[in-house]
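What you see below is based on every heavy atom in this structure, not just the backbone, and it leaves out hydrogens, waters and symmetry mates.
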Amino acid sequence: MDRSRPLARRPLVTLLTAAALAASGLTALTSAARAADADLARNGGFESALDGWTCTAGAVVNAPVHSGGAALKATPAGADNARCAQTVTVRPDSQYTLSGYVRGTYVYLGASGTGTTDVSTWAQSAPDWQRLTTTFRTGPATTRVTLYTHGWYGTGAYHADDISLTGPGGETGQPPAVPGGLTAGSVTPTGVTLSWSPVSGATGYAVYRDGTRVRTVTGTSTTVTGLTPSTAYAFQVAAVNDAGESARSATVTATTAERPDGGGSGDLPAHALVGYLHASFANGSGYTRLADVPDSWDVIDLAFGEPTTVTSGDIRFERCPVSECPNVESDAEFKAAVNAKQAAGKKVLISIGGQNGQVQLTTTAARDKFVSSVSAIIDEYGLDGLDIDFEGHSLSLNADDTDFKNPKTPVVVNLIAAVKTLKAKYGDDFVLTMAPETFFVQLGYQYYGTGKWGGQDPRAGAYLPVIHALRDDLTLLHVQDYNSGPIMGLDNQYHSMGGADFHIAMTDMLLTGFPVAGDAANVFPPLRPDQVAIGMPASVNAGNGHVSPAEVNKALNCLTKKTDCGSYATHGTWPELRGLMTWSINWDRFANWEFQKNFDAYFG
């Protein structure tokens, strides 16, 4: 418009001033903006592993890289698009440029929470490094924006490197003051409760154990778990906000309590063999009388107690009918066999659930009925305790239930309360075991419930709050390492059934602990090795995932001696690993006791 109009003449002093500015490499209108711009992305080149990033399925690799010595590799799978994200502090009503280099198919780079229009850009196919870039402006009240990259479902791994966000830095202020008043409260054999005074301006607190940061919390108290009994620990706490972290507080030392004989584990052998006995059905393997179970079996789980309806909480134990099990013993003979096993030092438990026994304690009435009906079974047969074998849809998490340490979902909360009531009723000799599937435990490393963005299976990781809340009462956890799909281990690789590798990786996760849903600030603490047994099928007839005795021994060697580990590197060596669990005693008898004989030979 109006192109033909000549430029207005400028005074000589104005021209000279402009020339002087140009000569010095400055421009009056843009110098302040350029000086304020900075790269706000933390660890955008992934040179410090995943520091600053939260990834559902990401790991740092050394090749290929765009620059430096590291890059991100993330692998979408199932309902997960392998999103990696970080939140940065920005200024309101300001312009920003987001860029990064990617490789792979359908790779996305974007920003959310901008306060205006969230943006993303993507590469449909990038066989070599390709730069993606986009811009956005923050809203008038926006102070934090989330940067992310992700792939697409089922399209394979993608790589990302050198991600940057340039623009004016946010007004982060100063780190908060050092917290005071740190004190140690109640202690258990595996936990210490800490509390401290609040700090003005703090958005959270970092808790340190023996100099290592173990968790971040928003309140002014926490219980540090996963500790060793009769051991002294030194604790400190620091306050954090967007500007950084304060210096650490004065040190408080606390010693965990002695390991009790309670939990029902004090008189188990150092290495125990656990098996399920088909007490209410034959299942093609034939009926095995309790009195005929060999002495090698240290814990015998009677399968199964089942509810009258899914939500009733009313558990019934019906022994196998003569029509299905012609050689079934009488009630009197069965009870006498229970007594004889206990006299020989064995534990006999009622197992609740199984594949067909869906149990959902949706109400407090169902919770209370569960307690009374399970108590009736234990009392009638004189049993030693309870095995929780909830499968299928028994446990799932509500959409707002995102913290395994503080569950909200009724079926979870009521189960925890019910078991604690049973434990209190029967005392320290009460034996408590659990047999969850990998979907409900180790899958929690990648997914927890419906996830931050929804759409995930609400059952993912749903056993974690139950295990965590009852860890001080738990005798044995024997996850079913069978009938499982591929599960990602702590090496961020998928592991599948069929060999020692799967058992090694799955057990290492229990004994090492792991960040839930990839959140480094929300770690499921490790269990004691004497609380863990490996669950395996007894024979090829018993279930998918059977391995030969040679592979069983490789898994035991790796976990207890750090030999025969193959490609998976464990995070420790645990000679106190309690032993093995199998489905089932009946199927092992059907296979000429191969599983039992191998256990006896290995542990002597």
Side-chain angles (χ1 to χ4, degrees), residues 17-18 20-55 66-68 70-72 83-102 107-123 130-150 160-177 199-204 206 216 218 238-246 452 521:
T17 302
L21 287 170
S24 64
L26 300 175
T27 58
L29 295 178
T30 62
S31 59
R34 289 182 178 176
D37 286 353
D39 185 359
L40 306 180
R42 176 177 173 180
N43 188 30
F46 301 95
E47 302 299 324
S48 300
L50 293 178
D51 179 45
W53 295 92
T54 299
C55 300
H66 175 257
S67 68
L72 170 71
R83 172 177 167 131
C84 282
Q86 70 167 266
T87 301
V88 300
T89 301
V90 293
R91 289 186 185 178
D93 197 25
S94 299
Q95 189 73 19
Y96 292 89
T97 299
L98 173 64
S99 66
Y101 289 84
V102 300
V107 193
Y108 291 74
L109 176 68
S112 61
T114 62
T116 54
T117 301
D118 291 349
V119 296
S120 68
T121 181
W122 62 292
Q130 178 177 324
R131 186 173 186 265
L132 299 179
T133 185
T134 185
T135 61
F136 62 88
R137 190 169 190 86
T138 53
T142 302
T143 58
R144 294 169 69 83
V145 168
T146 298
L147 318 179
Y148 65 86
T149 182
H150 67 73
D161 200 2
D162 295 333
I163 296 173
S164 68
L165 179 70
T166 56
E171 300 294 337
T172 58
Q174 297 294 320
V199 175
S200 177
T203 57
T216 301
T218 55
V240 296
N241 63 14
D242 289 341
E245 182 175 311
S246 73
K452 294 180 180 179

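In this structure the side chain of Q86 never reaches within 4.5 angstrom of the side chain of L165, judged on heavy atoms. The closest side-chain heavy-atom distance from V102 to Y108 is not below 4.5 Å. Within the 4.5 Å cutoff, side-chain heavy atoms of F136 are placed close to those of V145. V107 places a side-chain heavy atom less than 4.5 Å from the side chain of T149. Residues S246 and V199 form no side-chain contact, since every pair of their non-hydrogen atoms from C-beta on lies 4.5 Å or further apart. The shortest distance between side-chain heavy atoms of L50 and N43 does not fall below 4.5 Å.
Atom OG1 of residue T54 and atom NZ of residue K452 lie 5.0 Å apart, to the nearest 0.5 angstrom. With values rounded to the nearest 0.5 angstrom, I163 atom CD1 is found 12.0 Å from Y101 atom OH.
When all heavy atoms of P92 and A141 are compared, the pair lying nearest together is CB-N, 4.2 Å. Summarising the geometry of R83 relative to S112, their closest heavy-atom pair is NH2-OG, 4.1 Å, with the distance given to 0.1 Å. Counting all heavy atoms, side chain and backbone alike, Y148 lies closest to A111 at CE2-N, 3.5 Å. Taking every heavy atom of both residues into account, A239 and A177 meet most closely at CB-O, 3.6 Å.
Donor-acceptor pairing under 3.5 Å is lacking for the side chains of T138 and S94. Donor-acceptor pairing under 3.5 Å is lacking for the side chains of T135 and T97.
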Worked check of side chain to side chain contact (heavy atoms under 4.5 Å, CB included) between R137 and T114: CA-CA 7 Å; R137 190 169 190 86; T114 62; over 6 Å; no
Step-by-step side chain to side chain contact (heavy atoms under 4.5 Å, CB included) determination, L109 to L147: CA-CA 8 Å; L109 176 68; L147 318 179; over 6 Å; no
Test log, rule side chain to side chain contact (heavy atoms under 4.5 Å, CB included), inputs Y96 and R91: CA-CA 10 Å; Y96 292 89; R91 289 186 185 178; 3.7 Å; yes
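Panel note: side chain N241, backbone T203; no donor-acceptor pair is recorded below 3.5 Å. Of the possible donor and acceptor atoms, none in the side chain of Q95 sits under 3.5 Å from a partner among the backbone N and O of G167. Here the side chain of D161 pairs no donor or acceptor atom with the backbone of F46 at under 3.5 angstrom.
Residues meeting the salt bridge (Lys or Arg N to Asp or Glu O under 4.0 Å) test with D51, sequence neighbours left out: R42. Among residues two or more places apart in sequence or in another chain, the salt bridge (Lys or Arg N to Asp or Glu O under 4.0 Å) test is passed with R131 by none. The salt bridge (Lys or Arg N to Asp or Glu O under 4.0 Å) test applied to D39 returns no partner, not counting sequence neighbours.
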